[in-house]
Amino acid sequence: MLDRLTTLPVLLALRYTESQLIIKSLNYQKYELESVKAFYEFWYAKHRVTLDYSFYISEYQDILMLVQEIEPFLEWLLSGREFNNIVQLTENNSVNMRTASGRVASICRFINFLNKTYITTYYSNLPLPDISNIQQLVLIQLDGIKKKCNIFTKSSCKQQQIRSLTKEQFNDYTAIFVPDKISLRNNQINHYEVITPNPLNPMTSYDIQLRNYLIMVLMSVYGLRVGEVLLLHRLSFKHYRSDETKVLMLVRNIEDEVDEVEDVRLYKPGLKSESSIRMLDISSKHFRYIKTYIDIFRPLKCEHDYIFVSHKTPYQPLSYSTVATEFARYSESFKKNFKHHFDPQYSESIHGNVSPHWLRHTWAYNQLRVQFSMNESRFTHDGIVSIKGIMEDAIDSLRVLGGWAPNSCMPHRYAKRFIHEQANKTLLSVLTYDTNSQKIEVDEND
């Protein structure tokens with residue numbers, strides 16, 4: 001984030017990015033910095049000086065000055081980023097209130113960082129007890145503001161629809177990714193013959209087909225996010241010494257590895273949270289496919305160890321935008337060849353494009369169903385019949401496998417959907433039982 005006049009990075013936002021945001025996902029960084037940018041704009045519009053300068057002349061100590069401006073910042077957002085004495089609280093404004101509350105929550109995190117960074121013995125001459133008291137006072141005030149904002153941000157979260165694929169849709173969609181059937185010549189790249197092409201696949205080059213197929217598999221079978229797939233490199237896969245047929249996949253940031261791999265991407269992928277760090281067993285078949293891609297079809301001139309790369313010089317690691325662009329082509333092929341899945345007369349019809357994250361949603365729902373079924377059989381055998389306990393255990397398993405943080409609501413949202421579908425099946429079975437002996441007679445002469 002740059003100052004337009006000096007064309008230099010703004011200090012406080014830069015420190016926040018380097019300390020806190022750099023380890024977060026690209027989308028999270030973008031959202032947080034947009035909120036911080038809005039707060040900078042608000043501050044300059046109101047005080048006619050920059051936020052950095054105001055904090056600087058207070059010797060980086062007047063943190064309460066920032067906290068006191070959060071409520072005016074919220075009113076400024078609700079007023080269309082203008083200063084006036086009237087804030088419209090209409091039904092249409094409820095959407096703006098949710099959006100504005102999310103921005104305020106971001107600013108609370110930003111100010112909390114400044115509180116922990118500058119209200120310390122390094123920057124302040126106050127006695128340690130006074131510094132501790134100021135920090136606690138700021139935390140209490142920020143917590144109060146965030147609790148008010150949660151009323152609106154949580155309601156927004158609940159209204160978001162989890163979009164996933166049915167079993168039939170998933171089978172048809174993934175069929176598009178299947179590469180052509182080929183015959184290799186001397187196990188060398190570009191030395192192969194296509195035996196049976198896949199007419200559904202929009203990619204013509206086999207190496208691109210195989211790469212994208214593997215990305216789809218990692219997301220739909222193992223529940224990886226796009227960023228997590230793009231972080232995989234040669235060190236991410238390790239055999240078990242006790243069993244060479246088993247392979248462990250390490251999902252983690254590059255800096256967590258002993259031998260660090262340089263990432264030259266402008267927008268570097270990253271894990272969403274510490275809970276996203278996990279170790280997953282993968283099938284020997286899928287690892288064999290990955291190794292085939294690495295050894296034969298991945299460009300030999302790559303100067304890095306990331307697995308999924310661009311197949312154009314200089315063969316840089318694959319980016320978010322490339323994945324999104326190529327998945328859009330698969331989505332178009334899906335629409336063209338399986339039009340019935342998009343027919344609005346059916347309740348399962350798909351609206352819009354199928355994004356890569358749909359695969360993770362599909363995996364999560366199916367995984368929860370499998371975990372619930374396994375736990376139900378095991379607990380019933382042990383004499384435990386609490387459905388709530390079985391579901392909570394399934395949710396905990398899903399949270400670990402999917403890399404969600406302890407406070408994430410996503411596993412419970414999948415569970416809620418599962419419970420609704422099970423309730424509908426029960427309702428239909430009851431209705432069938434109650435009305436099975438009833439008949440409707442129609443006199444066709446009337």
Side-chain angles (χ1 to χ4, degrees), residues 165-222 224 226 229-230 232-234 236-237 239 244-247 249 281-302 305-313 315-319 322-342 350 353-356 358-359 362-363 366:
L165 301 171
T166 65
K167 183 177 180 179
E168 182 187 1
Q169 291 169 351
F170 177 78
N171 290 337
D172 291 341
Y173 180 66
T174 54
I176 299 173
F177 284 83
V178 175
D180 300 334
K181 185 177 180 180
I182 65 168
S183 175
L184 277 176
R185 298 173 182 172
N186 301 323
N187 285 347
Q188 292 183 0
I189 188 170
N190 293 330
H191 289 74
Y192 62 86
E193 179 183 359
V194 176
I195 300 175
T196 308
N198 179 5
L200 301 175
N201 200 315
M203 304 299 171
T204 56
S205 175
Y206 182 83
D207 50 356
I208 303 295
Q209 290 180 355
L210 180 58
R211 182 196 68 188
N212 294 348
Y213 173 78
L214 292 173
I215 293 175
M216 180 274 295
V217 166
L218 290 168
M219 296 184 67
S220 61
V221 178
Y222 301 100
L224 269 62
V226 176
V229 173
L230 300 183
L232 295 175
H233 54 93
R234 292 179 185 270
S236 298
F237 298 91
H239 286 279
E244 285 291 332
T245 63
K246 295 176 63 178
V247 180
M249 177 170 60
D281 286 333
I282 69 169
S283 71
S284 57
K285 179 183 73 172
H286 288 153
F287 178 70
R288 188 169 65 251
Y289 291 161
I290 293 172
K291 197 170 188 312
T292 299
Y293 170 73
I294 295 174
D295 295 342
I296 301 177
F297 295 100
R298 182 176 177 272
L300 299 176
K301 294 183 179 180
C302 286
D305 285 336
Y306 288 101
I307 291 177
F308 299 109
V309 302
S310 169
H311 284 244
K312 297 179 181 179
T313 55
Y315 309 113
Q316 290 188 353
L318 207 61
S319 65
T322 301
V323 173
T325 300
E326 297 199 355
F327 266 70
R329 293 182 62 184
Y330 286 99
S331 183
E332 288 300 320
S333 177
F334 189 35
K335 287 182 180 179
K336 178 182 177 181
N337 294 284
F338 300 95
K339 295 180 181 178
H340 56 280
H341 291 315
F342 297 84
I350 299 173
N353 292 326
V354 178
S355 71
W358 281 46
L359 294 174
T362 304
W363 167 85
N366 291 331

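Just the heavy atoms: all of them, side chains too, but no hydrogens, waters or symmetry mates, feed the values below. Worth saying up front: this structure is predicted, and the values here are computed from it rather than measured.
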Using modelled atom types and a 3.5 Å cut-off, is there a donor and acceptor pairing between side-chain atoms of [X] and backbone atoms of [Y]?
X	Y	answer
Gln209	Tyr206	no
Asn337	Leu200	no
Arg211	Phe308	no
Arg234	Asp305	no
Ser310	Lys312	yes

Could you pull out the closest heavy-atom pair between [X] and [Y], with the gap in Å?
X	Y	result
Tyr315	Val309	O-CB, 4.2 Å
Leu224	Val229	CB-CG2, 3.7 Å
Ile176	Asn198	O-ND2, 3.5 Å
Ser319	Leu230	C-CD1, 3.8 Å
Ile307	Ile290	CD1-CG2, 4.3 Å
Pro202	Arg329	O-NH2, 2.9 Å

Rounded distance [0.5 Å steps], [atom1] in [X] versus [atom2] in [Y]:
X	Y	atom1	atom2	result
Ile294	Phe287	CD1	CZ	7.0 Å
Ser355	Phe327	OG	CZ	9.5 Å
Lys335	Glu332	NZ	CD	5.0 Å
Glu168	His340	CD	NE2	4.5 Å
Leu218	Ile282	CG	CD1	7.0 Å
Ile215	Leu318	CD1	CG	5.0 Å

Report yes if the side chains of [X] and [Y] come closer than 4.5 Å at any heavy-atom pair, otherwise no.
X	Y	answer
Trp358	Ile350	yes
Met216	Val221	no
Met203	Glu326	yes
Phe177	Val217	no

request  = In sequence, state the C-alpha distance, the side-chain angles, and the governing distance for Thr325 and Thr322, and then conclude on side-chain hydrogen bond (donor to acceptor under 3.5 Å, both in side chains).
outcome  = CA-CA 5 Å; Thr325 300; Thr322 301; over 6 Å; no
key: Salt bridge present between Lys181 and Glu193 (N-O < 4.0 angstrom)   =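 Judged by the 4.0 Å cut-off on N to carboxylate O distance, Lys181 and Glu193 do not form a salt bridge.
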Taking the six-membered ring for Trp and the full ring for Phe, Tyr or His, determine whether the centres of [X] and [Y] are under 6.0 Å apart.
X	Y	result
Phe334	Phe342	yes
Tyr293	Phe297	no
Tyr222	His286	yes

task = Describe, in one word, how the ring planes of Tyr306 and His233 are oriented to each other, choosing from parallel (under 30°), tilted (30 to 60°) and perpendicular (over 60°).
result =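 Plane angle over 60°, so perpendicular.
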request  = I would like to know whether Tyr173 and His341 meet ring-ring contact (aromatic ring centres under 6.0 Å, His included); could you show each step before the answer?
outcome  = CA-CA 10 Å; Tyr173 180 66; His341 291 315; 10.0 Å; no
task = Please assess Lys167 against Asn366 for the test side chain to side chain contact (heavy atoms under 4.5 Å, CB included), listing each intermediate value before the final yes or no.
result = CA-CA 9 Å; Lys167 183 177 180 179; Asn366 291 331; over 6 Å; no
